[in-house]
Number of protein chains: 2
Amino acid sequence: MQHKTETYTHPQKNREMIKKNIQRIIQYRMCLLKFQNLGFDRIFSYTLAQEIGVSPEQVRKDFSQFNLRGNKKAGYKIQEILDSINELLHKEDLHKIILAGLGNIGKALVQYKGFINRNMQLVAGFDIDPAKLKKNCRIPVFPPDEMARVIREEKVVIGIIAVPEQVAQEICNQMVEAGIRGILNFAPIMLKTPPDVTVQNISVCNELEALIYMTEKQEETK
Amino acid sequence: MQHKTETYTHPQKNREMIKKNIQRIIQYRMCLLKFQNLGFDRIFSYTLAQEIGVSPEQVRKDFSQFNLRGNKKAGYKIQEILDSINELLHKEDLHKIILAGLGNIGKALVQYKGFINRNMQLVAGFDIDPAKLKKNCRIPVFPPDEMARVIREEKVVIGIIAVPEQVAQEICNQMVEAGIRGILNFAPIMLKTPPDVTVQNISVCNELEALIYMTEKQEETK
DNA sequence: AGGGTTTTGTTTAATAATTAACAATTAAAT
DNA sequence: ATTTAATTGTTAATTATTAAACAAAACCCT
Ligand SMILES: NC(=O)c1ccc[n+]([C@@H]2O[C@H](COP(=O)([O-])OP(=O)(O)OC[C@H]3O[C@@H](n4cnc5c(N)ncnc54)[C@H](O)[C@@H]3O)[C@@H](O)[C@H]2O)c1
Ligand SMILES: NC(=O)c1ccc[n+]([C@@H]2O[C@H](COP(=O)([O-])OP(=O)(O)OC[C@H]3O[C@@H](n4cnc5c(N)ncnc54)[C@H](O)[C@@H]3O)[C@@H](O)[C@H]2O)c1
């Protein structure tokens, strides 16, 4: 097998960094909401840091990077930061999402009530099984060959893949072809996508295996 | 509010690193299996790298770190590496897992057939809803107050939390108290645990929001 | 009003992770 | 057998991330 020998560059690197940072910001928001509900209206970097398990400097740096400003001696005004984060995440808009596969995972997602609080909505599902189409679902469910039409009509850019591994790449291709730009993938494969499409994998098995490794490792060194 | 001013140290840091590395190893395994099924019996760092989106040097470094050895000029023998990874992950043992919460997510997990191929098994579920106990499930389901007994009797160290946010911390405490050392958490909160308990969060909403941010950011800079 | 104290925000330093480089090796070709 | 080409594994360099340090700001208390 012949390989390229030219210098390897990593187009996804910078994107991974941004994604990691924004994920921390999303965690801060969760925590800010918690403290707001507890009746606080201000918070310090130290408190936030402790809560999500990073250093206070990290919090200040993250906030600084996204231009989230605090007050010297008085910390961060929770509402102010929340507003800024919501703006950053375009939370003023409702974000439409489509879902491929209404099996075990797909059904759980359809039932989930947490999306709407965060201004996200599953607008359509797709499944090859005719039984899934008839079912009185919370969302309209179509056969897969209507996916392109629905994506275009509804102008959806985010899709969830919850179909069997064997058809996941094919569904992914259809999604991308029709204009989907971000994919949350539950299937245990690495999807191939163009560089401008972002994929986030969720693998319950992988996470469990990593957990198991960690616990066994700790047991050994004890 | 008065804060500690002593130097901040980060006990979880080293663990995060190990977890990240082992997660990459788990991904390599997924990829190795794929190529094995395609009929290959050897593979190069370059191929693996391309497949999971890292540099070939990273693959070699990771393998080296876990003492997974290849052959100069001939790459890595897939079966050999797979065997070593499985040994590393203690795949010779069946790993028992308990599940708290048999709602939408919990039911999906119970139905999932992918665990057993990877030598993991849900051995018991816990739910406060009596209706969930009666249901003819694939696994026995108990009320939460039997959790400690079952965990001890079955010697389980891994637990999944799929209960509502409001009770997640309480269930977590019960698990830890009874001997659980690794927790996969679906509830949208940061669980508080002793330092020797590893927590892995899965947050569909967070991941979706990060995806949305990425796609909108890309749209802007286009 | 003003000093003391606390906390941010940023710069600088330290640490960690990734990539590059290359020597060692060996499979395959001749 | 010998040579060639290719790929690993490790060391060195680079880059990225995280933490420490500290100056500037501003709250609070007297
Ligand atoms: N259930 C879990 O807890 C779990 C855990 C980890 C990973 N996963 C992964 O998530 C994915 C879905 O898992 P699941 O348990 O929900 O599976 P499932 O078999 O219950 O559901 C899959 C659904 O996809 C539909 N489908 C099949 N081919 C299709 C196609 N070409 N187009 C559209 N729909 C199609 C099926 O009709 C079915 O409804 C799988 O890849 C699985 O490996 C599931
Ligand atoms: N469903 C999803 O797609 C989804 C997505 C993201 C996050 N989550 C999170 O996952 C968790 C579970 O979600 P869900 O949709 O399955 O919720 P659900 O309400 O369908 O299920 C929760 C289950 O927990 C049980 N329960 C409640 N209190 C309990 C207790 N004290 N002990 C044991 N069991 C108890 C309930 O009886 C119910 O069966 C929630 O924290 C939710 O925010 C779910």
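The chains referred to below are lettered A, B, ... by the order of the sequence lines, with proteins before strands, and numbering in each begins at 1.
Between the CD atom of B:E57 and the C1' atom of C:dA17 there is a distance of 13 Å, rounded to whole Å. In this structure, A:Q50 places its CD atom 13 Å from P of C:dT7, rounding to the nearest Å. We find that CD of A:E16 is positioned 14 Å from C1' of C:dA17, with the value rounded to whole Å. As rounded to whole Å, 11 Å separates atom P of D:dT18 from atom CD1 of A:I52. The distance from atom CD1 of B:I78 to atom C1' of D:dT8 is 16 Å, rounded to the nearest whole Å. What separates CZ of B:F44 from P of C:dA27 is a distance of 12 Å, to the nearest Å. In this structure, B:Q58 places its CD atom 15 Å from P of D:dT8, rounding to the nearest Å. Rounded to whole angstrom, the span from the NZ atom of B:K77 across to the C1' atom of C:dT26 amounts to 12 Å.
Nearest-nucleotide assignment on DNA chain D puts the 5′-proximal partner with B:I43, out of B:I43 and A:R24.
For DNA chain C, the neighbouring residues in residues 61-75 of chain A, judged by any heavy atom under 4.0 Å, are A:K61, A:S64, A:R69, A:G70, A:N71, A:K72, A:K73, A:G75. Listed by residue number, the members of residues 31-38 of chain B with any heavy atom below 4.0 angstrom from DNA chain D form an empty set.
For the pair B:R42 and C:dA28, the criterion of a side-chain N or O lying under 4.0 Å from OP1 or OP2 is met. Residue B:S45 has a polar side-chain atom (N or O) positioned under 4.0 Å from OP1 or OP2 of D:dT8.
Within a 6.0 Å sphere centred on CD of B:E87, heavy atoms belonging to other residues, nucleotides or ligands number 12 at most.
Side-chain atoms of A:K96 do not come within 3.5 Å of backbone N or O of A:K155 as any donor-acceptor pair.
Using a 4.0 Å cut-off between charged nitrogen and carboxylate oxygen, A:E219 and B:R181 count as a salt-bridge pair. A salt bridge links B:E51 to B:K34: at least one charged side-chain nitrogen sits closer than 4.0 Å to a carboxylate oxygen.
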What do the steps show when you test B:E177 against B:N173 for side chain to side chain donor-acceptor pair (under 3.5 Å), and what is the final call?
CA-CA 6 Å; B:E177 173 65 25; B:N173 296 346; over 6 Å; no
Going through the distances and angles, do B:N71 and B:Y76 end up as a side chain to side chain donor-acceptor pair (under 3.5 Å)?
CA-CA 6 Å; B:N71 308 86; B:Y76 299 91; over 6 Å; no
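Between A:F35 and A:F40, the ring-plane angle classifies as tilted under the 30° and 60° cut-offs.
Screening B:R60, B:E57, B:Q58 against B:S45 for a side-chain hydrogen bond (donor to acceptor under 3.5 Å, both in side chains) leaves a single residue, B:R60.
In summary, the side chains of B:N104 and A:Y112 do not present any donor paired with an acceptor at a separation below 3.5 Å, with no hydrogens or angles considered.
In the set D:dA19, D:dT17, C:dA21, the nucleotide with an atom closest to the side chain of B:R60 is C:dA21. Checking D:dA21, C:dT8, D:dG9 against every side-chain atom of A:Y76, the shortest atom distance belongs to C:dT8.
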